Amino acid sequence: MADGTPSDGDMELFDLRVTVERIEGRSVCGLAVGDWFELVNSAELRLPDGKHFCIFALQSVLPLLPAKQRQLPESDWLERDSLVCCPDPEERVVMRIERIGKRRMNSSDLT
């Protein structure tokens, strides 16, 4: 490329899937075990057709996703931990963050 950026990208990011692993209380937001969304291509949220994801559960996991997209040192707690809880104490929705793929991207395309 003319700007010196490698054509295969200058960084790697993981695509992520966040899945409802369990509900320890009562689900009033309509989520069920197995419901999920994906974060792909750095910043695209994808939901299965006809499905929803509660914004309160979503807001509890969003701050962690940019870090989980990157390879972290093995000693980093976020590299080892993958469970997040919804802030509603009545529901206690527990979600798992999984890395489902890795892609090379050009940072100049994202900023």
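Predicted, not measured: the structure shown is a model, and the values here were computed from it. Hydrogens, waters and symmetry mates play no part in the numbers below; they use all other heavy atoms, side chains included. FYI, the numbering just counts along the sequence from 1.
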Starting from [Y], can I reach [X] by hopping between I/L/V/M/F/W/Y residues whose side chains sit under 4.5 Å apart?
| X | Y | value |
| --- | --- | --- |
| Leu58 | Val40 | no |
| Leu62 | Leu16 | yes |
| Leu39 | Met11 | no |
| Leu72 | Leu83 | no |
| Ile100 | Val18 | no |

- prompt: Testing Arg99, Lys102, Arg103 for salt bridge (charged side-chain N to carboxylate O under 4.0 Å, His left out) with Asp15, which one passes?
  reply: Arg103
- prompt: Does a sphere of radius 6.0 Å around CZ in Arg80 hold more than 12 heavy atoms from other residues, nucleotides or ligands, not counting ones at 6.0 Å or beyond?
  reply: yes
query: How many angstroms lie between atom CG of Asp88 and atom OG of Ser27, to the nearest 0.5 angstrom?
result: 9.5 Å
- prompt: How far does CD of Glu21 sit from SG of Cys85, to the nearest 0.5 angstrom?
  reply: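 It is 10.0 Å, given to the nearest 0.5 Å.
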Would a distance-only check, ignoring hydrogens and angles, find a side-chain to backbone donor-acceptor pair under 3.5 Å from [X] to [Y]?
| X | Y | result |
| --- | --- | --- |
| Lys68 | Leu78 | yes |
| Glu90 | Arg26 | no |
| Glu91 | Cys29 | yes |

Any side-chain heavy-atom pair of [X] and [Y] under 4.5 Å:
| X | Y | answer |
| --- | --- | --- |
| Leu65 | Ile97 | yes |
| Arg70 | Leu13 | yes |
| Met95 | Phe53 | yes |

Do you know the tightest heavy-atom contact between [X] and [Y]?
| X | Y | value |
| --- | --- | --- |
| Pro87 | Phe56 | CD-O, 3.5 Å |
| Arg104 | Glu12 | NH1-CG, 3.2 Å |
| Ala57 | Leu31 | CB-CD1, 4.0 Å |

task: Could you list the residues that satisfy side chain to side chain donor-acceptor pair (under 3.5 Å) with Glu44, not counting sequence neighbours?
output: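 Partners of Glu44 under the side chain to side chain donor-acceptor pair (under 3.5 Å) test: Asn41, Arg46.
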task: Scan side-chain atoms only and decide if Arg96 and Ser82 contain a donor-acceptor pair under the 3.5 Å cut-off.
output: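 A donor-acceptor contact under 3.5 Å links the two side chains.
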task: Before giving the answer on side-chain contact (heavy atoms from CB on, under 4.5 Å), spell out for Gln71 and Phe14 the whole-Å C-alpha distance, their side-chain angles and the decisive distance to 0.1 Å.
output: CA-CA 8 Å; Gln71 186 67 57; Phe14 289 101; 3.3 Å; yes
